Protein chains: 2
Amino acid sequence: MFTGWSIHALDAKGRLAIPARFRDVLRDEGDERLVLTTSERCLVAYPYNEWRAIADKVSRLSRVDPKVLAFRRYFISGATESLCDKQGRVLIPQPLRELAGLDGQVYLVGMQHNFEIWDKDRWYAEREQISANFGDLSSFMADLGI
Amino acid sequence: MFTGWSIHALDAKGRLAIPARFRDVLRDEGDERLVLTTSERCLVAYPYNEWRAIADKVSRLSRVDPKVLAFRRYFISGATESLCDKQGRVLIPQPLRELAGLDGQVYLVGMQHNFEIWDKDRWYAEREQISANFGDLSSFMADLGI
DNA sequence: AAGAGTTACCCCACATTTCCCCACTTATTA
DNA sequence: TAATAAGTGGGGAAATGTGGGGTAACTCTT
């Protein structure tokens, strides 16, 4: 499982180091390929197989239904397969960098089955946002029996 | 499958480079012909066979039903077959360029079975639009276990 | 019907990006 | 404190994308 936060620098060439403990997870699963996709304000990285299962399901959905198109455009279209270089870095494609507002300090955030890649400022803003709605969360957790 | 985004420049002659990874998909399928068609706010590019299947179905539909006519006018009529030049570019016919508002920075967006061609500003507007109507998509996400 | 102007298509040359490599600095562990 | 691992920076070759010239085909005008 991917857990914990790491702060890494995005270098001038658009490369981002993946924390060793995340790479370990991939290696243990026997496939080091990573898929980078888009979410609302950040990027999401999936192990290849995990992503493949999702993409295959979506590929069988309608090719014309507007809702499916919207879903594909938003969540599927940006997916880019990539592999760490010998130094444990991946190249973030320029459009994804731009979308997620990445430059300089980047937060890598473990989300159990995958991990997210956040611009530092956006990450803090996101946490504030969540904490502002904290009441909703606590009742949600209560419902889950946590 | 076509996946990932690319940003390319539309040059003064109306030519657009097709990303190498998209060209690879076409080559692997053994037919490099591409069909450009119109959609609502963007262009859509299909591998020839993929398009052929759609066009054949539509060709068997009514020649007088107003809905079929409208559909033909909107989605089918603009279809243009084209081939990449030696540099991997296609010429976007001027009416299609105009319709999709293409100039300067263009986004190429992988949609699994085909790919879309967006003006940059429109692409970002489209994403905002989708995100504003997020509720519509939740059923897919639930089905997919996302 | 002929000529001027435009468009499409071929080509080549240059710029940029990507990918692979090595070296250095900083952190962690023994 | 030494030794190892992790992360950062940058060089260089190959692949990819961009710009632009020239010729042939076509259109439009006169």
Side-chain angles (χ1 to χ4, degrees), chain A residues 2-28 32-36 43 45 78-99 102-110 115 117-120, chain B residues 2-28 32-36 43 45 78-99 102-110 115 117-120:
Chain A
F2 302 103
T3 56
W5 305 348
S6 294
I7 305 176
H8 285 162
L10 192 75
D11 71 20
K13 292 183 180 179
R15 294 174 301 187
L16 178 67
I18 303 301
R21 71 178 184 290
F22 286 1
R23 294 199 315 263
D24 291 345
V25 174
L26 295 171
R27 196 168 19 74
D28 291 350
E32 311 207 13
R33 282 177 297 178
L34 208 55
V35 177
L36 298 175
L43 303 181
T80 307
E81 187 182 327
S82 62
L83 203 56
C84 291
D85 66 15
K86 213 188 262 183
Q87 279 65 39
R89 294 172 294 196
V90 293
L91 179 71
I92 314 274
Q94 193 202 323
L96 299 191
R97 247 179 281 161
E98 193 176 320
L99 180 87
L102 303 181
D103 62 357
Q105 300 252 293
V106 172
Y107 271 63
L108 291 110
V109 179
F115 61 91
I117 299 171
W118 287 85
D119 169 67
K120 179 178 176 174
Chain B
F2 302 101
T3 57
W5 303 350
S6 293
I7 305 176
H8 286 163
L10 192 75
D11 71 19
K13 294 182 181 179
R15 294 174 301 186
L16 178 67
I18 303 301
R21 71 177 186 289
F22 286 1
R23 295 196 317 260
D24 291 344
V25 174
L26 295 171
R27 196 169 18 74
D28 291 350
E32 312 207 11
R33 283 176 297 176
L34 208 56
V35 178
L36 297 175
L43 304 181
T80 309
E81 187 181 327
S82 62
L83 206 54
C84 291
D85 66 16
K86 210 189 262 181
Q87 278 66 38
R89 294 173 292 196
V90 294
L91 179 70
I92 314 274
Q94 197 200 322
L96 298 189
R97 244 179 283 163
E98 201 170 300
L99 184 84
L102 304 181
D103 62 359
Q105 298 246 293
V106 171
Y107 273 61
L108 291 109
V109 177
F115 61 91
I117 300 171
W118 287 85
D119 169 68
K120 178 177 177 174

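In this text, all values refer to a predicted model and were calculated from it rather than measured experimentally. Naming convention: chains lettered A, B, ... in sequence-line order (proteins, then strands); numbering from 1 in each chain.
B:Phe22 and B:Phe2 have perpendicular rings, their planes meeting at more than 60° on a 0 to 90° scale where under 30° would count as parallel.
For A:Phe22 and D:dA6, the CZ to C1' distance is 15 Å, given to the nearest whole Å. Atom-to-atom, CD1 of A:Ile7 to P of C:dA27 comes out at 12 Å; the value is rounded to the nearest Å. Atom P of nucleotide C:dT29 and atom CZ of A:Arg21 are separated by 12 Å, given to the nearest angstrom. Spacing between atom NZ of B:Lys13 and atom P of D:dG17 amounts to 19 Å, rounded to whole angstrom units. Rounded to whole angstrom, the span from the CD atom of A:Gln94 across to the P atom of D:dT18 amounts to 10 Å. As rounded to whole Å, 16 Å separates atom P of C:dT18 from atom CD of A:Glu81. Going from atom CD of B:Gln105 over to atom C1' of D:dG17 covers 13 Å, rounded to whole Å. Rounded to whole Å, the distance from NE2 on B:His8 to P on D:dT16 is 11 Å.
Proximity of a side-chain donor or acceptor of A:Ser6 to a complementary backbone N or O of A:Gly4 within less than 3.5 Å is not detected.
At a threshold of 4.0 angstrom between heavy atoms, the contacts of B:Leu83 with the nucleic acid are absent. Counting any heavy atom pair closer than 4.0 Å across all strands shown, B:Leu16 reaches no nucleic acid atom. Heavy atoms of B:Arg23 sit under 4.0 angstrom from primed sugar atoms or phosphate atoms, though from no base atom. Here B:Asp85 lies out of heavy-atom contact (under 4.0 Å) with every strand.
One can find a donor-acceptor pair under 3.5 Å joining the base of D:dG10 and the side-chain atoms of A:Arg15.
Using a 4.0 Å cut-off between charged nitrogen and carboxylate oxygen, B:Lys120 and A:Glu98 count as a salt-bridge pair. Using a cutoff of 4.0 Å between basic side-chain nitrogens and carboxylate oxygens, A:Arg27 and A:Asp24 are scored as salt-bridged.
Within the structure, every side-chain polar atom (N or O) of A:Lys86 is placed at least 4.0 Å from both OP1 and OP2 of C:dC20.
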Starting from the C-alpha separation in whole Å, work towards a yes-or-no answer on side-chain hydrogen bond (donor to acceptor under 3.5 Å, both in side chains) for B:Thr3 and B:Arg21. CA-CA 9 Å; B:Thr3 57; B:Arg21 71 177 186 289; 5.1 Å; no

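Among D:dT16, C:dC21, D:dG21, the nucleotide with an atom closest to any side-chain atom of A:Arg89 is C:dC21. Counting only heavy atoms from C-beta on, B:Gln87 has its side chain closest to C:dA13 among C:dA13, C:dC9, D:dT8.
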